[in-house]
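Along the sequence shown, residues carry numbers from 1. We count ligands from 1, going down the list as the structure has it; atoms in each ligand are counted the same way.
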Amino acid sequence: MRILIVGNGGREHALLWKLRQDAPAALFFATRPNGGMLPWVEPVDIAPTDIEALARWVVARSVDLVVVGPEAPLAAGLTDRFRGKGIPVFGPTSAAARIEASKAFAKKLMARAGVPTAPFQVFRDFEAAKAYIRQRGAPLVVKASGLAAGKGVVVSDSVDEAVEAARAMLVEGRFGEAGKEVVVEDCLRGEELSVFAVTDGKNVLLMLPSQDHKRVGEGDTGPNTGGMGAYAPVSLATPALMERVKREILVPTLRALESEGSPFQGLLYAGLMLTADGPQVVEFNCRFGDPETQAVLPLLESSLLEPLATVAQGGSLAGMQLRWKPQAAVTVVLAARGYPGEYEVGQPVTIPAWVQEDSGTLVFHAGTRLTSEGLVTAGGRVLAVTGVAGTLSEAVRRSLLAADAIHFPGKYFRTDIGWRELARDERDRP
Ligand code: AMP
Ligand code: GLY
């Protein structure tokens, strides 16, 4: 079997790691692989969004399965183009990927389907947005509708700040095209939860719930990042709550997409707020989350390849089940000095052998490059270190031990990943 992984971050390294276990004899390819993926794949020097070149390459190399990590190639129509050539792709069509690529589309779809989400309005005109913000009152959230690499969201405690955010997007063109349309929505209160669902468009296989840590600083302070760490599972997300998420959120969303002509096949990621009134959708993504994937996949006991290949080939997930290890996983992101602002690259990275060999520790590469001089940094998020153990506190201990032992100039990381869950553990202890 020949499998191409599109993308080269920590999420894609984790996908590769799991798929290699499921198919040890398969031949793997990856677009511009990072230093951790490189030893296990044949590199393909084509950008993920260069869909035509990638399609030609995939046909020439008789690839059997394409697994897409990032949202951009999906939104740009990779799946549509590849399916047209008979190539099985795990990932939705561009029409279905609008669930992430257009927040306005996602919100209107949820409203039509009766899926719980914050009250909202969509604007292209600044004066109209301003009037709504004034009338609605703070706190409010202003979002660029299009893809803005997680940076297009402003949570405002004052009306003035919300108006300024809308002005920056609609008048000054911050975020370019992505900000020409904005969603203004009410602020939700509660804990956030990431729910991954593998879906053939109708049937849903829920993955273990996880929690991301988006802020740069300890205690969830400071600016937003792509994610500084994650853990799974989350005890707040009881089996009953997950059933409710499936029934009230995932299934109605998939039904609406299908009935409107854009069935979603792939990984539907629901970013939820667990409010006093129940789970509400903050956002949908059309792909696996990063860094949650690096915490969730190490806990998956059963095959990932089987459901992914089934969906990619247009098959049904009916009757299929995922099995999970009764363990906890914590992923700590090692970032480069300056991230999420400007950061330096090309710094030498050393990972002690014992870290690689410890069966309870996994090192997923994100922004690294393997050069003739060895491993160097090549991104803001450099590595994602996952500890796996019988308890969350032991998983935390393992990930931090490894995070400490790995070196590169300018390395920094959060030492409090999983703090909410640990606090719950403390409270629940007799
Ligand atoms: P998004 O890209 O839509 O997930 O938003 C990024 C982050 O902004 C989320 O992870 C939340 O922390 C925050 N956020 C987004 N929408 C809301 C909301 N309606 N209420 C409170 N926080 C929000
Ligand atoms: N962890 C957030 C995301 O992948 O969008």
Show the distances, to 0.1 Å, for all pairs joining an N/O atom of ligand 1 and a protein N/O atom that are shorter than 3.5 Å, listing one pair per line.
unit_1	atom_1	unit_2	atom_2	d
ligand 1	2 (O)	Lys103	NZ	3.3
ligand 1	2 (O)	Glu283	OE1	3.4
ligand 1	3 (O)	Lys103	NZ	3.1
ligand 1	3 (O)	Lys143	NZ	3.0
ligand 1	4 (O)	Glu283	OE1	3.2
ligand 1	4 (O)	Glu283	OE2	2.9
ligand 1	10 (O)	Glu192	OE1	2.7
ligand 1	10 (O)	Lys214	NZ	2.9
ligand 1	12 (O)	Glu192	OE2	2.4
ligand 1	16 (N)	Lys143	NZ	3.0
ligand 1	16 (N)	Glu185	OE2	3.4
ligand 1	19 (N)	Glu185	OE2	2.6
ligand 1	19 (N)	Asp186	O	3.0
ligand 1	20 (N)	Leu188	N	2.8

Show the distances, to 0.1 Å, for all pairs joining an N/O atom of ligand 2 and a protein N/O atom that are shorter than 3.5 Å, listing one pair per line.
unit_1	atom_1	unit_2	atom_2	d
ligand 2	1 (N)	Asp212	OD2	2.8
ligand 2	1 (N)	Asp290	O	2.9
ligand 2	1 (N)	Glu292	OE1	2.7
ligand 2	1 (N)	Glu292	OE2	3.3
ligand 2	4 (O)	Arg287	NH1	2.8
ligand 2	4 (O)	Asp290	N	3.0
ligand 2	5 (O)	Arg287	NH1	3.3
ligand 2	5 (O)	Arg287	NH2	3.0

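Taking Phe408 as the reference, nothing meets the ring-ring contact (aromatic ring centres under 6.0 Å, His included) condition, with sequence neighbours excluded.
Ionic pairing of Arg124 and Glu181 is present here: one or more N-O contacts between side-chain nitrogen and carboxylate oxygen are shorter than 4.0 angstrom. No salt bridge links Arg247 with Glu243; every basic N to acidic carboxylate O contact stays at or beyond 4.0 Å. With respect to Glu260 and Arg112, a salt bridge is recorded, a charged nitrogen being found less than 4.0 Å from a carboxylate O.
Below 30°, between 30° and 60°, or above 60°: for Phe90 and Phe288 the angle between ring planes is between 30° and 60°, a tilted geometry. Using a 30° and 60° split on the angle between ring planes, Tyr231 and His213 fall in the perpendicular class, above 60°. Between Trp57 and Phe29, the ring planes lie perpendicular to each other; the angle is over 60°, past the 30° to 60° tilted range.
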Show every donor-acceptor pair shorter than 3.5 Å between a side-chain atom in residues 330-339 and any protein atom, with sequence neighbours excluded, or say none if there are none.
unit_1	atom_1	unit_2	atom_2	d
Thr331	OG1	Gln294	O	3.3
Thr331	OG1	Ala295	N	3.3
Thr331	OG1	Thr386	OG1	2.8
Arg337	NH2	Glu344	OE2	3.1
Tyr339	OH	Gly226	N	2.8

Side chain to side chain donor-acceptor pair (under 3.5 Å) between Thr225 and Lys214: does it pass, once the steps are laid out? CA-CA 5 Å; Thr225 68; Lys214 288 204 173 92; over 6 Å; no

